[in-house]
Every structure is written in C-alpha cells, then in structure tokens.
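Just so you know, these numbers use all the heavy atoms, side chains as well, and skip hydrogens, waters and symmetry mates.
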Amino acid sequence: MSAPVRDVPVPAHVMRSTGTRTVALIFAFFLLVAALIGSLAVGARYIPPAEVVNALVDALRGRGGGEVQEIVVGLRLPRAFVGAFVGAALGVAGALIQALTRNPLADPGILGVNAGAGFLVTIGIGWFGVSDIQGYVWFAFLGAAAATLLVFVIGAAGPSGATPVRLTLVGVALGALLSGVSSMISLLNPTVFEGMRFWGAGTLTSRDEHVLYAVLPFVVLGLVLAATVAAPLNAIALGEDLASALGARVLRTRIIVIIAVTLLAGAATAAAGPIGFVGLMVPHVVRWFVGPDQRWILAYTAVCAPILLLAADVLGRVVVPPQEMQVGIVTAFIGAPVLVLLARRRKITGL
C-alpha cells in the first residue's frame, strides 16, 4: 500500500487536473520530436527540416539515399538518440535523488555520483588501458555505485541520520575530492589527459550507434526501476516514519532508487562524460508546474530533460562556428544562473 500525495493547498501555477497534465505532457513530447529534428538539421552543414524528414522516411523504406541521408541517418541520428537517452537518464536520476533525500537542490553532480563515475573512468584509462565505451561503462557504473553508497554511509553516520543537508554536504565534499584527484591524474599522465580532454567536459561529439547500443539497456532498466518506485516515493516525502506506518517499504524503495541512480548516472556519464545541472534544473522546474506527485515528475522529467540537452547540443554547434562548444559547458552556462536564482528564492518548491 502506498500513500497518496499530500493534501496541501495547490498553488496557482501548478496544473491541477489530470487532463491538463496529460495534454501538457503530449505537448512536451512533440517538443522533444522537434528537438530531435533540430539536432538532425543543425551542424557544420545545415539541412532543412523537410529534407531531414525525407531522409528518415527513405531510410525507413530501405531506399538508398545519397549524401544527405548519410549525414542525417549515419552521423547525426545516433548522436541525437544518445543525447536524448543521456538527458532522460540524468534528469530522472536527479528527480530520484531529490525525492529520496527530500532536497530539491540535489542532483547526481551535487551528490558526487558523476564525480565517482568520472574518477573510475580516469583510473580505467590510466591504469587499465580502457579506450572504448564498452570499457567506460563498467568503470563508470562502479564509480557511480561506490560514490552513491559512500555518500549515504557517511551521511547516515551519527545520531541525526542521513538528513538532506548532511547528504548534500558529504556529496559536494566527495565530488570535489574525486574531481581534484581525477584532474591531478590527467595532468600527470598524457594518455589520460588525451582520453579525458573532451570526455571530461561532457560531450556528444562523435557519439555513434556503438555508444548508443552500449548504454541503452542500462538506461532503459534504470527508467523502468524509477517507474516502479514513483508511488512509494510519494509516501517517503511525508517522512520515513509515516511512510512505514502507511505501508510503504522504505528500505526496499531506497535500495531500488540507489540501483536506478547508479544505472542512469553511470550510463550517462560513460556515454557523454560528467554533464552537470540537467538533473538539478529539469526536475525542479517540472515540480513547479505539476506539483509534488513523483509519478508526474518522473514522466515529465523523462521527456523534458532530453529537450534541454538536445537544445544545449544544438546551441553548442552554432555559438562558435566552425568549432563546437561541448554540451557540458553549455549546460553549465545555463545551469549556473538557474542555480543562483533557485538559491535566492524564499520558498523552494516542496517535495
């Protein structure tokens, strides 16, 4: 048995009815399709959206297609799908961490998960000679899992337990430590520096179907696990004692969330590097419009986070032509002001 969403006054900006939320979610899905088409159209060579659609239709029908089809289907389509799944993974991982810690300013980056994944990838490149995504994935997963468990173990030590503030402080400290050590290793080892030069900034450049196939099963599994804990997370938002009294299985939910976050953050970091702010911004903005129900928050985040990441990737291709600005840098430029605004607000949207 899971608890219903808290019966609290609904602010004017929150969508009240299920029908309104459903229509808005469908609209967000069409925006995601538009973002995907934009990602396929924009690049070193601009291809009009009509030609993009024609190239996709011809590819689906098995027609050979010339240079435009090769660019759209062979080069840009895998990159766009990688961006979409990485965005969904980072966004949902952030929403899960925010719900579990009851901290609306938590995300995989702030809690050290991305830094843990990046640290182990650095070790894999420097000491084990890892050079492809199949190797990155496992090191990223191990690092993400270790960082997540370490943050919760340290944060839970002491009489007050794992409070949101303690978890955030431990995560920030651990993330800073791991990032500093990773940077030191990169500077001392030319092989690691070359391998981490673009990956460490967060990038979708040169991401092909091999990257997509390597991370897709883990992202899908993480999203499925996230869907299974959406209702129990509504109960945990009331407090763990009350959630247990209402029949929610708190320990089971916590374990599933940790596994899901590890899968999602580990896969996303392995595929595109440590991209920050997506898991912080999107769930928070979504919660502002749909309210505290985790079922709607996770659904909207899974659609809206890819829109943000794809838009940032497209923006990175056009701001410094003919070069590209890495997507992790663009999201940082967007996310830093948003984080300042969130911190300055008198009332942060409740969980």
Heavy-atom pair of closest approach, residues Val151 and Gly171: CG2-CA, 3.9 Å
Value rounded to 0.5 Å, distance of CG in Leu315 from CG in Leu308: 10.5 Å
Euclidean distance, Leu225 CG relative to Ile255 CD1, rounded to 0.5 Å: 12.5 Å
Leu223 side chain near Leu263 side chain, heavy-atom distance below 4.5 Å: no
Pair Arg76 + Glu209: basic N to acidic O under 4.0 Å: no
Side chain to side chain contact (heavy atoms under 4.5 Å, CB included) between Trp296 and Thr18, worked out: CA-CA 10 Å; Trp296 286 105; Thr18 299; 3.7 Å; yes
side-chain hydrogen bond (donor to acceptor under 3.5 Å, both in side chains) assessment of Ser183 paired with Ser186: CA-CA 5 Å; Ser183 298; Ser186 298; over 6 Å; no
Distance in Å, Leu40 CG paired with Phe81 CZ, rounded so as to fall on 0.5 Å steps: 8.0 Å
Nearest non-hydrogen partners of Ala28 and Cys304, listed with the distance: CB-SG, 4.2 Å
Working for side chain to side chain contact (heavy atoms under 4.5 Å, CB included), residues Val330 and Gln326: CA-CA 7 Å; Val330 179; Gln326 307 306 318; over 6 Å; no
Heavy-atom check, side chain of Phe152 versus side chain of Thr101, under 4.5 Å: yes
Under 3.5 Å side-chain donor-acceptor pair for Gln69 and Arg63: no
Hydrophobic cluster identity match, Val153 and Leu177, side-chain contacts under 4.5 Å: no
Minimal non-hydrogen separation, Ile275 against Gly202, with atom names: CG1-CA, 3.8 Å
With Val113, the side chain to side chain contact (heavy atoms under 4.5 Å, CB included) member among Thr148, Thr269, Asp107: Thr148
Least distance between heavy atoms, Gln98 atom then Leu280 atom: NE2-O, 3.5 Å
Heavy-atom closest contact (Pro337 atom, Ala332 atom, distance): CD-O, 4.3 Å
Donor-acceptor contact present, side-chain Tyr300 to main-chain Arg21, <3.5 Å: yes
Inter-residue atom distance Thr301.OG1 - Leu96.CG, 0.5 Å rounding: 9.0 Å
Tyr46 side-chain N/O to Ala41 backbone N/O, donor-acceptor pair under 3.5 Å: no
Validation row: Arg79, Asp208 side chains within 4.5 angstrom (heavy atoms): no
Check: Asn114 side chain, Pro274 main-chain N or O, donor-acceptor pair, under 3.5 Å: no
hydrophobic_cluster_shared for Ile47 and Leu60, side chain cutoff 4.5 Å: no
Side-chain touch Val181/Phe119, heavy atoms, less than 4.5 angstrom: yes
Val33 and Ile37, any side-chain heavy atoms less than 4.5 Å apart: yes
Distance-only donor-acceptor check, side chains Ser39 and Arg317, under 3.5 Å: yes
Test item: Arg287 side-chain N/O and Ile297 main-chain N/O as donor-acceptor pair under 3.5 Å: no
Ile185 CD1 to Thr191 OG1 distance, which is reported to the nearest 0.5 Å: 13.0 Å
Side-chain (Arg295) to main-chain (Ala227) donor-acceptor, under 3.5 angstrom: no
Aromatic plane relationship, Phe141 with Trp138 - under 30° parallel, 30 to 60° tilted, over 60° perpendicular: perpendicular
N/O donor-acceptor pair under 3.5 Å between Asp313 side chain and Leu309 backbone: no
Flag side-chain contact, heavy atom, 4.5 Å: Leu310 against Leu36: yes
ILVMFWY cluster, Phe128 and Leu142 together (side-chain gap under 4.5 Å): yes
Backbone of Gly328 reached by a side-chain donor or acceptor of Thr331 within 3.5 Å: yes
Side-chain heavy-atom pair Leu233, Ile236 within 4.5 angstrom cut-off: yes
Distance in Å, Ile154 CD1 paired with Leu149 CG, rounded so as to fall on 0.5 Å steps: 11.0 Å
hydrophobic_cluster_shared for Leu75 and Val86, side chain cutoff 4.5 Å: no
Residue list, salt bridge (charged side-chain N to carboxylate O under 4.0 Å, His left out) with Arg45, at least two apart or on another chain: Glu67
Side chain to side chain, Ile334 and Phe277, heavy atoms closer than 4.5 Å: no
Val130 vs Val121, side chain to side chain contact (heavy atoms under 4.5 Å, CB included): CA-CA, chis, key distance, verdict: CA-CA 8 Å; Val130 175; Val121 170; over 6 Å; no
Distance-minimising heavy-atom pair for Val73 and Ala55: CG2-O, 4.1 Å
Within one Ile-Leu-Val-Met-Phe-Trp-Tyr cluster: Val23 and Trp288, side-chain cutoff 4.5 Å: no
